[in-house]
Amino acid sequence: MALTVEPVPCLKDNYAWLLHDSESQLAAIVDPSEPAPVRRALAERGLRLSHILNTHHHFDHTGGNLPLKQEFGAVVVGPQKDRARIPGIDIGVSEGEPWSFGGHAVRILEIPAHTRGHIAFVFEKAKIAFTGDTLFSMGCGRLFEGTAAMMWDSLSKLMLLEEDMRIFCGHEYTLNNGRFALTLEPGNPDLVMRVREVEILRAKALPTVPSTLGVERRTNPFLRPHAEEIRRALGMERASDVEVFAEMRRRKDSF
Ligand code: ZN
Ligand code: FE
């Protein structure tokens, strides 16, 4: 395939994602926390940075914007709704408006709650979705600028993507997320298997990301507030999905 994605580990547990289109020779970095690891990854591959994509304004996702823009003349693309907080932004994108990277149509999804302006970049043909700090593997982002209901709506929007859509998130939080998930749903065989797989990957210091939306649907408790075992564990058999979701998010904050 013309489009490849590779992780560029940054800071303590962040992933910036290096996206390369061999046809157009464009290279983008998604959520560069800091410039140095990105510079190194580009040099090793002989690539010139053409674009910087930001899912949201937090410093651990935009800290590399200005130095990398200055060095490579890269175009900074981020949420139009959060223009004022994206360093060096050139192109503001919004849901429903077309944007493309080389020949690849990119769908923008507005998925607020972690931040007001949070977006996802979805490459539908290549089955690549960058979900930032909204959907993690077996987890979801903290509610810094929105409510539980808002996050549930945002996750529900992501759940409409195809099962084999690959989910590239912003942090390596998977093992801790999995341990939390097991407190709620120890009888879910897919979850037990996934945590075992993640333990093996992390023991070798390998990334657990990307997963797929299908895997997340089967293992991520934040996409599963309807699951009976979770509801029983919380004593919330009769609550709505959003109430169950909110309680899980609350518990995860102090896990
Ligand atoms: Zn964040
Ligand atoms: Fe982050």
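The figures here come from the full heavy-atom set of this structure, side chains too, leaving out hydrogens, waters and symmetry mates. Both ligands and their constituent atoms are indexed starting at 1 by order of listing. Being a predicted model, the structure only gives us computed values, none of them experimental.
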Shortest-distance N, O or S atom of D133 relative to the Fe ion (ligand 2): OD2

Within 6.0 Å of CE in M193, more than 12 heavy atoms from elsewhere: no

N, O or S atom within D60 nearest to the Fe ion (ligand 2), by name: OD2

Exam field: side chain R45 to backbone A41, donor-acceptor pair closer than 3.5 Å: yes

Vertex the Zn ion (ligand 1), arms to H56 NE2 and D133 OD2, rounded to 10°: 100°

Candidate pair E71 and R39, rule side chain to side chain contact (heavy atoms under 4.5 Å, CB included), full reasoning: CA-CA 9 Å; E71 195 170 333; R39 213 177 272 137; 2.7 Å; yes

N, O or S of H171 under 2.8 Å from the Fe ion (ligand 2): yes

Short N/O/S contact of H118 with the Zn ion (ligand 1) (below 2.8 Å): no

Donor + acceptor pair across side chains of H58, D133 (<3.5 Å): no

Identity of the N, O or S atom of H58 lying closest to the Zn ion (ligand 1): ND1

Contact check: D60 to the Zn ion (ligand 1), N/O/S below 2.8 Å: no

Full working for side chain to side chain contact (heavy atoms under 4.5 Å, CB included) between I86 and H61: CA-CA 10 Å; I86 304 288; H61 299 255; over 6 Å; no

F121, F123, W17 screened by ring pair (Phe, Tyr, Trp, His ring centres under 6.0 Å) with F168, the one that passes: W17

Metal proximity, H61 vs the Fe ion (ligand 2), N/O/S cut-off 2.8 Å: yes

